[in-house]
Q: 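Handing you this structure, nothing more for now.
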Amino acid sequence: MPELAEVEYVARQLRENAIGATISTVNIVWPRAISHPTPEIFAAELVGRTITGIDRRGKLLLVALGRPHPVASREPCPPSADGVGEIEEEGWVTVHRRMAGNLRLLMAEEPDERYLVVDIRLADGRRLQYSDPRKFGRLAFWHADELPQALAEYGAEPLAADFTAARLAAILRGRSRALKPLLLDQARIAGLGNIYADEALHRAGLHPLRQADTLTPAESARLRDAIVTVLELGIAHGGTTFGRHQGLFGEAGRNVDYLLVYRREGQPCATCGTPIQRIVVAQRGTRFCPRCQPE
DNA sequence: CTATAAACCTGCTGGC
DNA sequence: TGCCAGCAGGTTTATA
């Protein structure tokens, strides 16, 4: 599930529902899921802190943690527009769901998630649970001054204002790699995964094996627009869900109904009717329309 | 720099 | 129904 669109969708839900909540206990069911610093320190650092903001970088979810002001103001501080209130950030939890991880916010009476990996109890009785049947996903805690090292390897943010056609053209320039592995390279563009890479290439009319530095300016502009479009559509549809839930409350994303090529091999292309083809590129199943996306 | 394979894990689906 | 092969939304590491 979790590519940029699915992470962004959950980030928005968390921003609406979890900011201001205080963590009372942390139970780590599968310790290897904590990648930094150690499971024990992770748990100890979280307890007593309050969720002050939610952010995202590529497929990585960022949860800002702080402590309420020790003194005074009787008024609870309302979160500001960027999700950060009058509480000082002291650290961050990062969540990478990899292939199959899910984040759920459970009401007090709801049963535990299946495949539970980390259970975070909130002071109001709700639980924030990370579950993951494949156990590929990772959580970490970073002090505020350590966060940059956690984000150091990420490339362009596709939904940021500076992700222009010129920016993408600069990324493609001088690279002999095929487009598909380049789009999946998080150090170049952060957040595209197998679904949205295939969908973006299809919308741009580009073959997945096309060499990156052979695109014309018009083609790279088309690709930039296609990337932004597929991601925004994915977010608007609540993400793409194949198996289990992926929203914060267990709801399935509806974007699967809008995919044009991903997992549609053999079915007719919506544009030209040619059967969608599947090949393997960089160990990943890759779908495209051989007519709309000529090599 | 680029490419390829394997590893990390488990669940699900389709074929026989 | 049972078993096996193949596939899966991602990343890291080792090897050419």
Side-chain angles (χ1 to χ4, degrees), chain A residues 1-10 29-36 56-61 94-103 113-118 130-140 149-155 158 171-201 208-214 227 230-231 233-235 237-247 252-266 276 278-287:
Chain A
M1 288 158 236
E3 302 184 28
L4 186 154
E6 289 70 37
V7 179
E8 176 64 23
Y9 180 70
V10 167
V29 178
W30 201 70
R32 280 157 68 185
I34 307 302
S35 62
H36 180 91
R56 178 193 56 72
R57 185 79 172 88
K59 302 170 190 171
L60 195 64
L61 178 75
T94 56
V95 182
H96 199 306
R97 293 155 63 192
R98 297 278 178 97
M99 294 283 268
N102 267 305
L103 211 50
E113 279 289 89
R114 205 174 166 191
Y115 312 116
L116 182 60
V117 169
V118 176
Y130 178 75
S131 62
D132 189 346
R134 291 185 72 175
K135 299 178 178 166
F136 282 171
R138 294 292 182 265
L139 287 76
Q149 83 186 64
L151 307 180
E153 300 299 313
Y154 287 99
I171 291 170
L172 302 178
R173 197 168 301 138
R175 308 210 169 254
S176 61
R177 302 174 84 179
L179 285 175
K180 175 71 185 275
L182 185 63
L183 292 184
L184 293 178
D185 184 347
Q186 304 299 300
R188 310 307 305 179
I189 301 170
L192 288 177
N194 213 26
I195 299 174
Y196 295 91
D198 280 4
E199 293 295 313
L201 287 169
L209 291 176
R210 179 78 176 275
Q211 205 177 304
D213 57 8
T214 66
I227 290 168
V230 297
L231 291 174
L233 280 176
I235 297 166
H237 293 141
T240 304
T241 301
F242 286 107
R244 292 187 194 291
H245 54 66
Q246 53 97 27
R254 292 165 285 109
N255 197 238
V256 66
D257 297 331
Y258 300 86
L259 299 178
L260 298 177
V261 291
Y262 187 77
R263 288 207 195 176
R264 295 183 61 89
E265 54 267 37
I276 300 301
R278 178 186 185 276
I279 59 175
V280 175
V281 179
Q283 295 183 294
R284 311 300 300 278
T286 298
R287 286 80 170 183

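Here the structure is a predicted model, which means the values were calculated and not measured. Within every chain, numbering begins at 1; the chains are lettered A, B, ... in the order of the sequence lines, protein sequences first and strands thereafter.
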Q: P atom, C:dG6 versus B:dA5: distance in rounded Å?
A: 16 Å
Q: Please tell me if the side chains of A:Lys180 and A:Asp198 come closer than 4.5 Å, counting only heavy atoms from C-beta onward.
A: yes
Q: Taking atom types as they are modelled, would you say the side chain of A:Arg263 forms a donor-acceptor pair with the base of C:dA8 within the 3.5 Å cutoff?
A: no
Q: Using a cut-off of 6.0 Å, state whether more than 12 heavy atoms not belonging to A:Gln149 lie near its atom CD.
A: yes
Q: Quote, to the nearest angstrom, the C1' distance that separates C:dG9 from B:dA3.
A: 23 Å
Q: Would A:Phe242 pass as stacked on C:dG9, i.e. its ring centre under 5.5 Å from the base's six-membered ring centre and planes under 30° apart?
A: no
Q: Is the phosphate of C:dC7 approached by A:Arg287 (side-chain N or O, under 4.0 Å from OP1 or OP2)?
A: no
Q: If you compare every side-chain N and O of A:Tyr262 against the phosphate oxygens of C:dG9 (OP1, OP2), does one of them come in below 4.0 Å?
A: yes
Q: Verify the stacking flag for A:Phe136 against B:dC8: centroid separation must be under 5.5 angstrom and the ring planes must differ by under 30 degrees.
A: yes
Q: Indicate whether OP1 or OP2 belonging to B:dG11 is found under 4.0 Å from a side-chain N or O atom of A:Lys135.
A: no
Q: Under 4.0 Å between a side-chain N/O of A:Arg177 and OP1 or OP2 of B:dC1, yes or no?
A: no
Q: Side-chain N or O of A:His96 less than 4.0 angstrom from OP1 or OP2 on C:dT11?
A: yes
Q: Can you tell me which stems involve DNA chain B, if a stem is defined as three or more consecutive Watson-Crick or G-U wobble pairs, both distances under 3.5 Å?
A: B:2-8 with C:10-16, B:10-16 with C:2-8
Q: Between the main-chain N or O of A:Val261 and the side-chain N or O of A:Glu199, is there a donor-acceptor pair closer than 3.5 Å?
A: yes
Q: Between the side chains of A:Thr240 and A:Tyr196, is a donor N or O closer than 3.5 angstrom to an acceptor N or O?
A: yes
Q: Tell me whether the OP1 or OP2 atom of C:dG9 has a side-chain N or O from A:Arg284 closer than 4.0 Å.
A: yes
Q: Rounded to whole angstroms, how far apart are CG on A:Leu209 and P on B:dA3?
A: 10 Å
Q: Please examine the side chains of A:Thr286 and A:Ile279, heavy atoms only from C-beta on, and report whether any two atoms are closer than 4.5 Å.
A: yes
